[in-house]
Peer 1: 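This is the structure I want to talk about, given as structure tokens.
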Amino acid sequence: MFKKEFYKFKDIYLLLVVLIASFLAYLAFSLKDMVQNFGALSVNLSFLFKKKFTFFHLDDMNLIFAFVIAVFVFFHERISGRLRLSLHFPHSSVRNIGFIIMCGLLFVFFVYFVEMMLLNIILGTVYAKEIMYVLNYSLSLNYIFGFLLYIFCCGFIIEPVKKRAIVNFIVMLGSIYLYYEINPDIYALDSFYANDLGFYYMGIVALYALSAAFIAFDNYKRGYIK
Amino acid sequence: MKILKIVYLGVFILFLALFLPRIIDTALGEAKKNPKVYFSENLNQFLIQGYDREAKKSYFLTESGDELSTESFMQNLPFKFYSYLLAKGIFPNQYTDWANVDKIRANSQILAIKPSFYNQKSIPLFTLLESKPKFLKLQFNNYGIRGKKDRIEFVNLETLKVDDALSQTYTDALKQSGFIFPLKCYYSNPTTRKVFDEGAFLQDKRNTIFHLKMVNGKPLVKNTKIKNATIKKIIIKENQRKEFYGALIDDSGVKLISYDNYKLIPLPGSMYEPESMVYSLFITPLSKTVIINMDDKVEAYKLDNSYQILRNFSFPIEKNNQWMTNIKKYLLPFTLKRKDGYRYEYTLSDFSFLVLLANALFVLLYFGLTFKRKVPILHFMIIGVFGIYGFIALCLY
Amino acid sequence: MNVIECRNLSHSFGKNKIYEKLNFNVPRGKVVGLLGKNGVGKSTTINILMGNLEPTSGECLIFGENSNNLSANTKSRIGLLYEGYVTYDYLKIKDLYKLYEKEYAARFKKELFFDLFKKLGISENQKISTLSCGQRSQVVLGLIFASDPDLLILDDYSLGLDTGYRRLFIDYLKKFIENKDKSVLMTTHIVNDLDELLDEIIIMRKGKEPLNIGYKKFRDTFRGFSLPGNTNLENIDGIESILNLGDEMQIFGFFKKKPINAKELKLNLEDAFLGYTGRY
């Protein structure tokens with residue numbers, strides 16, 4: 001069953017993991033360069049007083065990663081109506097649907113988890129813990145939004161009613177816009193704590209994304225449309 | 001599933017309440033006008049500088065409405081454009097005593113409090129500069145300072161190791177001055193691009209402000225006796241005039257913290273909202289003025305030497321498209337708006353009862369569209385309450 | 001005992017009514033053919049039965065449970081073949097096999113799969129997407145057989161298959177149902193293959209009551225006659241369709257007696273099916 005899910009996105013997953021690893025390596029080498037050239041003190045101070053820090057688009061990459069994996073997961077179910085097969089496995093529909101959603105999400109989570117560990121090791125040797133808190137907070141929101149984008153994809157790929165699929169897609173675009181207002185890269189933040197309420201907003205977006213996903217599956221089950 | 005559908009619709013309505021007004025503003029709105037007001041010592045009146053977007057040129061006015069040329073505007077603000085006027089040799093004759101750049105600079109000061117600066121919440125890690133640097137040039141030392149439950153901690157930002165001895169020395173110094181831990185907040189001006197350093201102002205558990213400096217590596221702590229539970233921010237701005245350390249903003253407005261034993265000097269502007277307005281104190285050799293820039297007007301105060309109001313002036317900022325505001329009032333039952341502040345906090349605002357007619361029309365329209373279908377009464381109730389938002393949400397659902 | 005019971009099934013897509021109050025049963029141990037021309041609602045019915053479509057009204061019970069909300073246990077007793085042999089094409093055969101083996105662990109009979117699979121002469125490591133339509137169909141059918149369902153629902157099993165693969169499938173199906181404890185509901189457009197296989201047939205026609213009849217009875221009672229072109233048909237009862245060939249006229253239906261001047265036609269299942277539904 002895991003293979004059935006993993007093989008949907010195996011190639012792109014590996015490609016994206018390599019890309020993320022490259023972004024991570026670039027960030028690590030850039031930081032090393034900065035420390036060597038200006039010293040850790042200057043690196044810390046310029047973070048504190050000038051918000052001089054960038055993830056070098058690693059945060060964008062994380063979102064793209066979750067989105068692309070989700071597209072592969074759900075399109076593979078949608079093509080030729082394979083979802084009909086998946087729903088017929090001898091388990092409850094909730095379990096069958098849950099498996100489809102959670103499996104890919106677990107693979108995304110694994111990458112995020114490893115990335116966060118590595119980032120904490122890399123950045124934690126240079127930045128004070130107060131700065132690490134800001135970075136981890138921003139990253140956590142980034143990861144959560146990645147998960148939400150994943151769920152959103154379900155809402156517009158599985159949804160058989162075109163009108164609703166389009167609405168879900170537009171709401172997803174709107175959420176991306178808001179996300180970048182609330183949690184852009186560190187250097188672009190209006191204030192370090194601009195995203196203070198980020199988790200609440202993520203909660204609201206999660207409510208929508210999850211309802212849209214469940215409604216999409218329910219609609220699909222109630223009226224299979226090719 | 002019913003609950004999910006309600007949640008789905010609810011969030012979608014919020015989404016519309018956020019984006020629809022933004023779309024209307026973007027499509028029909030006009031750019032923000034930012035006229036500037038200055039006090040002219042020559043004319044003894046306020047002057048206005050603005051930009052006419054239609055004519056695509058700047059305009060200059062006196063407070064009585066007379067137009068000025070650019071040259072005349074500059075000549076009437078000799079302590080603003082002194083470099084230019086002195087270089088061209090057209091500095092006003094009546095101020096020959098002041099016809100010196102260094103002299104004017106030494107007696108001038110600007111303290112501007114912008115929302116972009118005010119709306120910041122700092123990382124709980126600050127630094128102290130050596131106030132008497134060995135080679136005179138200010139520079140950062142290696143330490144970041146964090147407040148703990150019962151002490152402050154000096155952490156070496158090169159190695160991230162805590163310097164226990166230094167931490168203990170400063171903690172003891174603070175305690176001996178009556179500081180009660182934990183540290184609630186710190187305020188400082190962390191830049192080396194200043195002539196001298198006045199250290200940091202620390203707020204203790206009981207909201208008393210202490211002044212901490214590092215002098216020859218040793219702590220110098222003074223209890224300012226300022227005790228205020230409503231402090232929003234203290235802005236430290238070292239200036240060679242050495243009249244005040246900076247400004248304290250609390251619930252009642254802006255006050256200067258003077259060098260005279262930390263005495264607070266209240267400044268005008270009770271309507272000042274630091275989250276969204278720009279507050280500026282301009283001090284020239286001959287005048288003191290406070291200018292508050294708001295969305296709909298600019299308030300200006302001419303002060304005497306002891307910061308008492310001599311006269312004030314208000315310049316209204318007209319908006320051309322009032323009709324757009326009306327459209328919103330009659331169409332949108334409320335909007336989801338970002339509140340001013342350091343964080344993105346959205347609130348429901350601009351509630352309007354004038355939309356009742358539009359809501360009723362949307363209910364009728366929806367009835368017409370769904371005439372042949374069996375539609376739950378809840379749908380009509382949703383449109384009745386949420387108007388256009390509910391209508392769009394239900395039509396697209 | 002019926003394994004499938006459809007009661008008063010009606011379905012419409014928007015304003016387009018597919019059928020109304022359709023009733024039919026599939027008894028245990030029987031092979032039932034659901035036949036009909038394109039667009040009469042065969043696939044709609046199959047989708048309802050498979051739980052992928054909620055009927056506008058009425059209900060379908062499979063093993064006594066509503067088809068739209070089957071329990072895990074009941075799902076494990078049903079083998080579904082979707083039109084076009086829908087499966088996880090991106091998997092290798094061995095991965096697909098392992099998936100079914102795991103999902104249907106309690107019932108899985110691997111010998112049934114390998115028996116069929118060996119005949120294809122392909123490697124287990126091949127991706128499904130690289131197989132020909134025939135090979136793919138046998139892999140899918142092999143897995144369905146191996147999961148040992150009590151009820152097989154086959155939607156157009158013959159689509160894209162050549163005679164050899166169709167025959168191979170029919171042979172396996174016959175073997176699969178030989179103990180008379182399995183039930184099958186199937187649709188196909190190549191009805192002749194089903195001769196001797198079907199126990200009952202349901203023929204759907206647009207806007208008319210479906211015909212639910214025993215296969216043998218249908219073959220025995222449904223007849224076709226050739227008549228001179230100018231014959232008056234008003235006095236002949238039981239006509240279902242007429243085929244006018246100029247000088248000759250062919251009539252099809254359930255006739256109590258042979259019409260005057262008529263010459264009986266020899267009908268195979270396809271002829272009889274077309275005779276009942278009308279050719280065009």
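Only this structure's heavy atoms are used, side chains among them; waters, hydrogens and symmetry mates stay out. Below, read A as the first sequence line, B as the second, and so on, with proteins coming before strands; counting in each chain starts at 1.
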Peer 1: With a 4.5 angstrom heavy-atom cut-off, is it the side chain or the backbone of B:Y8 that approaches chain A, or both, or neither?
Peer 2: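 Contact with chain A: backbone and side chain both.
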Peer 1: Hey, does the side chain of B:E158 reach the backbone of A:A40 with a donor-acceptor pair shorter than 3.5 angstrom?
Peer 2: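 It does hold such a pair.
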Peer 1: Is B:Y344 close to chain A through its backbone or its side chain, or both, or neither, when contacts mean heavy atoms under 4.5 Å?
Peer 2: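 B:Y344 touches chain A through backbone and side-chain heavy atoms alike.
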Peer 1: For B:K121, does the NZ atom sit with more than 12 other heavy atoms under 6.0 Å from it, leaving out its own atoms?
Peer 2: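 Yes, enclosed.
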Peer 1: Evaluate the side-chain proximity of A:F49 to B:F140: yes if any heavy-atom separation is below 4.5 Å, no if none is.
Peer 2: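 A side-chain contact under 4.5 Å exists here.
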Peer 1: Answer with side chain, backbone, both or neither: which region of B:L9 has an atom nearer than 4.5 Å to a non-hydrogen atom of chain A?
Peer 2: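 Nothing of B:L9, per the 4.5 Å heavy-atom cut-off to chain A.
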Peer 1: Where do B:V7 and A:S211 come nearest, in terms of heavy atoms and distance?
Peer 2: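 For B:V7 and A:S211, the tightest heavy-atom pair comes out as CG1-OG, 3.5 Å.
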Peer 1: Is chain A contacted by the side chain of B:T159, its backbone, both, or neither, given a heavy-atom distance below 4.5 Å?
Peer 2: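 Answer is neither: B:T159 stays 4.5 Å or more from chain A.
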Peer 1: Is the shortest heavy-atom distance from the side chain of A:L45 to the side chain of B:T127 under 4.5 Å?
Peer 2: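 They are in contact (side-chain heavy atoms under 4.5 Å apart), so the answer is yes.
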Peer 1: Counting only non-hydrogen atoms closer than 4.5 Å, does B:F12 touch chain A with its backbone (N, CA, C, O), its side chain (CB onward), both, or neither?
Peer 2: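 For B:F12, heavy atoms of backbone and side chain both lie under 4.5 Å from chain A.
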Peer 1: Would you check if B:Y342 and A:D196 make a side-chain contact, meaning some heavy-atom pair closer than 4.5 Å?
Peer 2: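 Contact flag for B:Y342/A:D196 side chains = yes.
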Peer 1: Between A:V35, A:I166, A:L178, which shows the greatest number of heavy-atom pairs under 4.5 Å with chain B?
Peer 2: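 Option with the top pair count is A:L178.
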